[in-house]
Colleague: 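This structure is in structure tokens; I'll ask about it shortly.
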Amino acid sequence: MAKTLIFGHKNPDTDTITSAIVYSYLKKQLGFDTEAVRLGSVNGETQFALDTFKVEAPRLVEKVSEHASEVILVDHNERQQSADDIDQVQVMEVIDHHRIANFETSHPLYYRAEPVGCTATILNKIFKEKNVAIPKEIAGLMVSAIVSDTLLLKSPTCTDEDVAAARELAEIAGVDLKAYGLEMLKAGADMSSKTIAELISLDAKEFQMGERKVEIAQVNAVDVNDVLNRQAELEEALNNIISQKGLDLFVFVVTDILNSDSVALTLGKETSAVETAYGVKLENNKAVLKGVVSRKKQIVPVLTETLSK
């Protein structure tokens, strides 16, 4: 039986990296030959979780078709967010919690998408369905993913299922959910040593919204000014990406993890969409988005609706 690769989206976040590891562990317990891999660098927050629970990061793979003919996608489904050669392999399964777009296959597959805050919450269910016990380190990675994706259960994407899973997994992992979660988020919010290139690619995703091509990058910070005081450099880099990729809009979102607000730095020919969507006025290409912390629930749907009119 040939090995199956399991991976999440490009510019991986904590849910992407840990869900690949976790689902690969589960599949192995069920007798399948799988390997978790990644499509990009490990960020500081994710590394904190991996170090805490003494788990190695998956190896980096650039061309998945060079390593396997069958793959499983976690934490994404959109083609432009996946491996560049995704069309050269067979997608056997998808485990995800995002919208479904730009995705099709020529054959049946196992597809599981649920409107919860984190892929790990779905995986927690699958462990129970398969009657497989969750080891301490695997539980630790899973609770880390939920903390990351829900901003310690404060994001509007967070459901009762996420809360229950996080509490259950924290107990198995032997950590205090609030104390560990805050420590992990702060580890990921230290932007002081990041280059401009790292800042804009840490958690960036490309979307097709109607006829428009949009990229949305998001970083978390304790003080948004730690990032925005480099605005001139950021704008130069973002304009280069807009030109290279032919983007209509680039929204760079800096989220204040303590106050649960965001500042959007917005460039491109469709910047008015941000003003229309949120009822704000861009000043110096920026606007405060009060109460906005979730790209998945509070940014992508709103901009998609605005740009599709």
Side-chain angles (χ1 to χ4, degrees), residues 8-9 12-23 25-26 43 45-46 48-50 52-53 55 73-77 93-100 111-130 132-189 203 205 218 220 253 255-262 291-301:
H9 55 74
D13 57 14
T14 300
D15 191 21
T16 274
I17 295 288
T18 60
S19 289
I21 296 170
V22 169
Y23 199 42
Y25 172 84
L26 175 58
N43 66 37
E45 176 191 277
T46 307
F48 179 89
L50 292 172
T52 298
F53 297 102
V55 177
L73 309 185
V74 292
D75 198 33
H76 78 298
N77 68 82
E93 300 182 35
V94 176
I95 312 294
D96 193 17
H97 67 124
H98 296 93
R99 72 174 193 174
I100 301 171
Y111 196 110
R112 185 157 179 170
E114 298 187 21
V116 292
C118 183
T119 309
T121 300
I122 305 171
L123 294 178
N124 189 47
K125 292 183 186 180
I126 300 176
F127 269 92
K128 293 177 180 179
E129 293 164 4
K130 300 298 184 181
V132 176
I134 302 176
K136 179 177 180 178
E137 68 276 9
I138 294 295
L141 297 183
M142 294 169 77
V143 73
S144 299
I146 296 172
V147 165
S148 175
D149 266 18
T150 67
L151 279 182
L152 196 47
L153 311 180
K154 292 191 296 183
S155 170
T157 62
C158 186
T159 67
D160 290 342
E161 292 183 40
D162 297 296
V163 174
R167 289 173 177 167
E168 177 184 322
L169 292 164
E171 185 173 348
I172 296 171
V175 296
D176 179 280
L177 178 59
K178 186 173 182 180
Y180 169 73
L182 189 57
E183 192 177 3
M184 187 193 80
L185 289 176
K186 285 184 176 179
D203 188 6
K205 291 184 179 180
Q218 184 174 24
N220 294 334
V253 182
T255 298
D256 184 331
I257 65 170
L258 299 182
N259 296 315
S260 299
D261 294 322
S262 294
V292 172
V293 297
S294 170
R295 174 174 51 198
K296 181 179 71 172
K297 192 166 185 177
Q298 295 174 296
I299 300 176
V300 173

Colleague: Taking all non-hydrogen atoms of both residues into account, name the closest pair between F53 and K136 and its distance.
Modeller: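 Minimum heavy-atom separation between F53 and K136: CD2-O, 4.5 Å.
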
Colleague: Hey, mind stepping through V293 and V253 against side-chain contact (heavy atoms from CB on, under 4.5 Å) and telling me if it holds?
Modeller: CA-CA 9 Å; V293 297; V253 182; over 6 Å; no

Colleague: Check D149 with K296, please: is the shortest side-chain N to carboxylate O separation under 4.0 Å?
Modeller: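 Salt bridge: no.
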
Colleague: Side chains of T18 and I138, heavy atoms from C-beta outward: is any pair under 4.5 Å?
Modeller: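 SC-SC contact between T18 and I138 ruled out.
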
Colleague: Indicate whether any N or O donor in one side chain lies under 3.5 Å from an N or O acceptor in the other, for T14 and E45.
Modeller: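 The answer is yes; a qualifying pair exists.
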
Colleague: Evaluate side-chain contact (heavy atoms from CB on, under 4.5 Å) for H97 paired with D15, printing each intermediate quantity in order.
Modeller: CA-CA 11 Å; H97 67 124; D15 191 21; 3.4 Å; yes

Colleague: Just wondering, do R112 and D96 contact through their side chains at under 4.5 Å, heavy atoms?
Modeller: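 No - every pair of side-chain heavy atoms lies 4.5 Å or more apart.
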
Colleague: Enter the distance from L182:CG to I257:CD1 here, rounded to the nearest 0.5 Å.
Modeller: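 Going from CG on L182 over to CD1 on I257, the span is 6.5 Å.
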
Colleague: Taking everything shown except K125 itself, do over 12 heavy atoms lie less than 6.0 Å from its NZ?
Modeller: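 Counting other residues, nucleotides and ligands, NZ of K125 exceeds 12 neighbours.
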
Colleague: Find out whether L123 and V74 are in side-chain contact, i.e. whether some heavy atom of one side chain is under 4.5 Å from a heavy atom of the other.
Modeller: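 A side-chain contact under 4.5 Å is absent here.
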
Colleague: As an exercise, state the distance from CG of L169 to CZ of F127, rounded to the nearest 0.5 Å.
Modeller: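 Answer rounded to 0.5 Å: 9.5 Å.
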
Colleague: Should the ring pair H9 and H98 be called parallel, tilted or perpendicular, given that the plane angle runs from 0 to 90° and is split at 30 and 60?
Modeller: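 Perpendicular.
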
Colleague: Stepwise, does the side-chain contact (heavy atoms from CB on, under 4.5 Å) test hold for I146 with N124?
Modeller: CA-CA 11 Å; I146 296 172; N124 189 47; over 6 Å; no

Colleague: Let me confirm one number: the CG-OG1 distance from D203 to T255, rounded to the nearest 0.5 Å.
Modeller: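 Answer for the CG-OG1 pair, D203 versus T255, is 9.5 Å.
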
Colleague: Which atoms form the tightest heavy-atom contact between T159 and P115, and what is the distance?
Modeller: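 Where T159 meets P115 most closely, the heavy atoms are CG2-O, 3.6 Å.
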
Colleague: How about K178: does its NZ atom have over 12 heavy atoms from other parts shown lying under 6.0 Å from it?
Modeller: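 Counting other residues, nucleotides and ligands, NZ of K178 stays at 12 neighbours or fewer.
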
